[in-house]
Undergrad: 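The structure follows.
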Amino acid sequence: MRFSSFVLAAFSMGSALAAPATHQQNARALEVLTTATSTLASVKTNVEGELQSISKLVLNVNANTTTLVPQLEQSLLGVVGEVTKVVGTILPLVKDGVPALAEDQLSAVPTVLNGVLSLANGIKSTSQQVVDKAHPDVVKAVQPELQLVLSTVQPIVKPIITLALGVVGEVTGPVVGEVQGLVGDIENVAGGILSPITKLVGGLL
């Protein structure tokens, strides 16, 4: 009888200690997810503004090459500065892993992944537009900045995917399937983002 009471008391104590630990892990995962969501929303808005400026500059048939180059360089570097904020903010939060969440807590994950996918596609398409539409001399002049912009995509993809797969863990369900599909889409875009542009730019040199 005494032994049974002892075991029951020990089990109750263990459960009481485990509950706060689980709650803390859950709270940390939600905090990281919230930070990622807000950071990406801000960066996405600013990057889209810079990409629109780049498109307008490239499509302006009356633009003077002398003034166009520094304007493009400024906007391209603006994109770089914004995108690196994602790495600087999120990478430290996920480097040691992220606790898994329950399925009903994962609704923000597709939003985060869609934000990254939109960023990657926007950067790729706008960079392609610069190569296709700008004068060869302009493309040659902004090649370093263009390649720098493209090279920022892969570094933001890794911590975001680490976050997404970390909070999903072993959970199953519709949201998880959506997350896995988006991860695949992001990896496809990021994996091929440099090669086509590099070839086109390289052909101008």
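If you read the sequence from its start, that first residue is 1, and numbering goes on from there. Keep in mind that the numbers below use all heavy atoms, side chains included, and drop hydrogens, waters and symmetry copies.
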Undergrad: Looking at Val153 and Ala190, what are the two nearest heavy atoms and their distance?
TA: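 Minimum heavy-atom separation between Val153 and Ala190: CG1-CB, 4.2 Å.
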Undergrad: What pair of heavy atoms forms the shortest contact from Ile54 to Ser75, and how long is it?
TA: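 Scanning both residues completely, I find the closest heavy atoms to be CG1-CB, 3.5 Å.
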Undergrad: Check each of Ile160, Val183, Asp185 against Val116 using the side chain to side chain contact (heavy atoms under 4.5 Å, CB included) test, and report the only one that passes.
TA: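 Of Ile160, Val183, Asp185, side chain to side chain contact (heavy atoms under 4.5 Å, CB included) with Val116 is met by Ile160 alone.
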Undergrad: About how many Å separate CG of Asn121 and CD of Gln128, when rounded to the nearest 0.5 Å?
TA: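 Going from the CD atom of Gln128 to the CG atom of Asn121 covers 12.5 Å.
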Undergrad: Quick one: does Leu106's side chain get under 4.5 Å of Val179's, heavy atoms only?
TA: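 The answer is no; the side chains never approach within 4.5 Å.
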Undergrad: With the threshold set at 4.0 Å, does a side-chain nitrogen-carboxylate oxygen contact exist between Glu82 and Lys85?
TA: yes
Undergrad: Identify the heavy atoms of Ser118 and Glu48 that sit nearest to each other, and give their distance.
TA: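 Smallest interatomic distance, heavy atoms only, reads OG-OE2, 4.1 Å.
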Undergrad: Would you call Leu76 and Leu148 a side-chain contact if the rule is heavy atoms closer than 4.5 Å?
TA: no
Undergrad: Once rounded to the nearest 0.5 Å, what's the spacing between atom CG of Leu51 and atom OG of Ser55?
TA: 7.0 Å
Undergrad: So how far is it from Gln74 CD to Leu57 CG, rounded to the nearest 0.5 Å?
TA: 9.5 Å
Undergrad: What's the spacing between Ile156 CD1 and Leu40 CG if we round to 0.5 Å?
TA: 7.0 Å
Undergrad: Could you tell me if the side chain of Leu30 sits less than 4.5 Å from the side chain of Gln105, heavy atoms only?
TA: yes
Undergrad: State, with a plain yes or no, whether a side-chain heavy atom of Asn64 is found less than 4.5 Å away from one of Thr67.
TA: yes
Undergrad: Measure the shortest side-chain to side-chain distance between Pro159 and Lys95 over non-hydrogen atoms and say whether it is less than 4.5 angstrom.
TA: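 No - every pair of side-chain heavy atoms lies 4.5 Å or more apart.
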Undergrad: For Glu103 and Gly173, which heavy atoms make the closest approach, and how far apart are they?
TA: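 The answer is OE2-CA, 3.3 Å.
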Undergrad: Can you establish whether the number of heavy atoms outside Glu31 located under 6.0 Å from its atom CD is more than 12?
TA: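 Result for CD/Glu31: open.
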Undergrad: For residues Gln154 and Ile193, determine if any side-chain heavy atom of one lies less than 4.5 Å from a side-chain heavy atom of the other.
TA: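 When only atoms from C-beta onward are counted, Ile193 and Gln154 do not touch, as no gap falls below 4.5 Å.
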Undergrad: Specify the closest pair of heavy atoms between Gly192 and Lys124, including all atoms of both residues, with the distance to one decimal.
TA: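 Shortest heavy-atom separation between Gly192 and Lys124 comes out as O-NZ, 4.0 Å.
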Undergrad: Rounded to the nearest 0.5 Å, how far apart are CD of Glu178 and OG of Ser107?
TA: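 That separation rounds to 10.0 Å.
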Undergrad: Under 4.5 Å between side-chain heavy atoms, hopping through other hydrophobics if needed: is there a path connecting Leu77 to Leu119?
TA: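 Linked within one cluster.
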Undergrad: Any side-chain heavy atom of Val69 sitting closer than 4.5 Å to one from Thr65?
TA: yes
Undergrad: Please give me the minimum heavy-atom distance between Pro155 and Ser151, naming the atom from each residue.
TA: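 Closest pair (atom of Pro155, atom of Ser151, distance): CD-O, 3.1 Å.
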Undergrad: Among Leu93, Val109, Val98, whose side chain to side chain contact (heavy atoms under 4.5 Å, CB included) with Leu33 holds?
TA: Val109
Undergrad: Measure the shortest side-chain to side-chain distance between Val167 and Pro99 over non-hydrogen atoms and say whether it is less than 4.5 angstrom.
TA: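 Of all side-chain heavy-atom pairs linking Pro99 with Val167, none is under 4.5 Å.
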